[in-house]
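Every value quoted in this text rests on a predicted model; they were computed, and no experiment measured them. We use all heavy atoms of the structure for the numbers below, so side chains are in, but hydrogens, waters and symmetry mates are not.
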Amino acid sequence: MTVTRRTFVSTLAAGTGLLAAPGLLRAQARTIRFATEGAFPPFNQTAPSGAITGFEPELVQALSERQGFEFELIAQAWDGMIQGLIDGKYDAVVDAISVTPARQEVIDFSLPYTTGGSAFVTVNETGLTLPETGIKVDLADEAGAKPAIDAVAAALKGKTVAVQVSTIQSGFLDTYLAPQGVTVRAYQTGPEAYQDLLNGRADAVMASVTNLSAFLKKNEGKVAISGPTFGGGLMGNGAAIAIAKGSDLAAMFNEGLKAMSDDGSLSDLSAKWFGIDVTPKL
C-alpha cells in the first residue's frame with residue numbers, strides 16, 4: 001500500500017477566534033486519513049515520483065489549510081474502497097464518489113464538490129455514434145428516460161462497453177443495457193478500460209463526464225463523447241467526500257467546502273483541472 005503524506009500546520013493566529021471553532025479543535029487533535037485511487041485523472045493520479053496529484057488532492061490540501069488539520073492520502077484500489085471506510089481503515093474517501101441513495105444507506109457524505117453526469121466515449125474512426133448526443137437524461141424520471149435508454153441500447157446491441165468495476169456507470173450498464181443485448185466488460189481501473197477502447201477490444205467506454213475530460217484532452221481528434229449524459233436516480237447527484245456513518249467530520253468538511261464555493265476558489269480549482277467549472281453552488 002502506497003501512502004503519500006501531506007502535512008500542513010495551521011497558520012491561524014490565536015487572536016482570530018477561528019481556533020475556538022469545535023470543528024477545528026476536533027481536526028487538530030489527529031491526522032485525517034483519506035483513501036484515494038491515484039489512478040482516476042483528473043480527480044486523482046500518481047506522478048512518476050509516487051506523489052498523488054490532481055483535483056482532489058489539491059481540494060484536500062485547501063480544506064486542510066482552511067480548517068487547520070493534517071492529513072494523509074492513502075492509495076487504495078477502488079474495488080473495496082467503500083468497505084474499507086466502513087471497516088475503519090481510513091477516515092474518509094476522496095475518489096469522485098457519487099452520492100447515491102444506495103450508498104447513503106451505509107455511509108455519509110459531505111456537500112458535493114462536483115456536479116453529476118455520465119456519458120459514453122467512442123473512437124471516431126469506427127464510425128460508431130450514439131443517438132441523443134448532448135441531451136441530458138434524468139434517471140429519476142424513469143418514464144422520461146426510457147426512450148433515450150432504449151435508443152442507446154439499440155445502437156450498442158451486440159457491442160462491448162468497457163467500464164470500471166463497482167461504479168455507478170457499471171450499475172447503469174448492468175441495469176439498463178445488459179438486458180438488451182449489450183456486453184458489459186468491467187475493469188479494475190479506468191485507464192485499463194480506456195486502453196481497451198483504443199486497442200479496439202471495446203466499442204465504447206462509459207464514465208463520468210468529469211473523468212472523460214482528461215481522456216478526451218489526451219486523445220483529441222481520436223475520440224468523442226457520444227450519446228446522452230445520464231444523471232440522477234442510481235447515477236447519483238455529484239461527487240462528495242465519503243465518511244463513516246455518524247462521523248463528526250461532515251460539519252468541518254461542509255464548512256470548508258461552503259467557504260471555497262462562496263469565494264470562488266472551488267470553481268478556480270475545477271477550471272485548473274477540468275478546463276470548465278463543474279462545481280455546484282453550495
Side-chain angles (χ1 to χ4, degrees), residues 1-12 18-19 21-47 49-100 103-114 164-167 188-190 211 236 238-260 266 269 273:
M1 179 178 69
T2 301
V3 179
T4 301
R5 183 179 180 85
R6 302 282 193 276
T7 303
F8 297 90
V9 179
S10 174
T11 57
L12 294 175
L18 290 177
L19 292 178
L24 293 180
L25 291 174
R26 285 196 300 269
Q28 290 172 340
R30 60 190 171 104
T31 296
I32 300 174
R33 301 163 299 158
F34 290 84
T36 192
E37 195 172 348
F40 199 68
F43 282 96
N44 56 79
Q45 55 210 17
T46 303
S49 66
I52 301 175
T53 64
F55 172 79
E56 288 168 324
E58 290 198 11
L59 173 65
V60 172
Q61 177 178 335
L63 288 174
S64 77
E65 293 171 341
R66 286 172 180 268
Q67 303 302 104
F69 62 84
E70 297 180 349
F71 71 91
E72 292 178 349
L73 288 177
I74 306 172
Q76 294 282 288
W78 163 247
D79 190 20
M81 192 180 287
I82 292 178
Q83 187 60 51
L85 175 64
I86 295 171
D87 293 341
K89 293 182 178 179
Y90 23 80
D91 304 301
V93 174
V94 58
D95 199 57
I97 297 185
S98 296
V99 181
T100 68
R103 288 171 178 166
Q104 286 177 305
E105 292 180 3
V106 293
I107 56 176
D108 287 341
F109 289 94
S110 70
L111 292 170
Y113 50 77
T114 66
Q164 187 173 9
V165 68
S166 301
T167 58
Q188 287 299 313
T189 69
N211 180 246
I241 302 172
I243 52 179
K245 274 290 185 183
S247 171
D248 63 359
L249 294 175
M252 183 189 65
F253 291 154
N254 289 346
E255 180 183 41
L257 288 167
K258 180 68 166 60
M260 290 183 68
L266 188 60
L269 192 61
W273 286 100

[X] versus [Y], closest heavy-atom pair with distance:
X: Ala240; Y: Val99; value: CB-CG2, 3.7 Å
X: Ile243; Y: Ala92; value: CG2-CB, 3.9 Å
X: Arg66; Y: Ala259; value: NH1-CB, 3.7 Å
X: Pro41; Y: Asn211; value: O-ND2, 2.6 Å
X: Phe71; Y: Gln61; value: CE2-CA, 3.8 Å
X: Ile241; Y: Tyr113; value: N-CE2, 3.5 Å

Pair up each side-chain donor or acceptor in residues 82-90 with any protein partner under 3.5 Å, not counting sequence neighbours, and list the distances.
{"residue": "Gln83", "atom": "NE2", "partner": "Asp87", "partner atom": "OD1", "Å": "3.0"}
{"residue": "Tyr90", "atom": "OH", "partner": "Met81", "partner atom": "O", "Å": "2.6"}

Could you check whether any side-chain N or O of [X] sits under 3.5 Å from a backbone N or O of [Y], counting only pairs where one atom can act as donor and the other as acceptor?
X: Arg103; Y: Ser98; value: yes
X: Asp91; Y: Arg33; value: yes
X: Asp108; Y: Ala242; value: no
X: Trp78; Y: Glu37; value: no

Listed by chain and number, what are the side-chain hydrogen bond (donor to acceptor under 3.5 Å, both in side chains) partners of Thr46, not counting sequence neighbours?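 Counting only residues at least two positions away or on another chain, Thr46 forms no side-chain hydrogen bond (donor to acceptor under 3.5 Å, both in side chains).
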
Straight-line distance of [X] [atom1] to [Y] [atom2], nearest 0.5 Å:
X: Glu56; Y: Ile97; atom1: CD; atom2: CD1; value: 8.5 Å
X: Thr189; Y: Gln164; atom1: OG1; atom2: CD; value: 6.5 Å
X: Asn254; Y: Leu249; atom1: CG; atom2: CG; value: 10.5 Å
X: Met252; Y: Ser247; atom1: CE; atom2: OG; value: 8.5 Å
X: Leu266; Y: Leu59; atom1: CG; atom2: CG; value: 6.5 Å

Here's a test for you: under side-chain contact (heavy atoms from CB on, under 4.5 Å), which of Leu63, Thr36, Asn44 qualifies with Val94?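 The passing option is Thr36.
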
Of all residues at least two apart in sequence or in a different chain, which pass the ring pair (Phe, Tyr, Trp, His ring centres under 6.0 Å) check with Phe34? Phe253

Side-chain contact test, heavy atoms from C-beta onward, threshold under 4.5 Å: evaluate it for Phe43 versus Asp95 and give yes or no. no

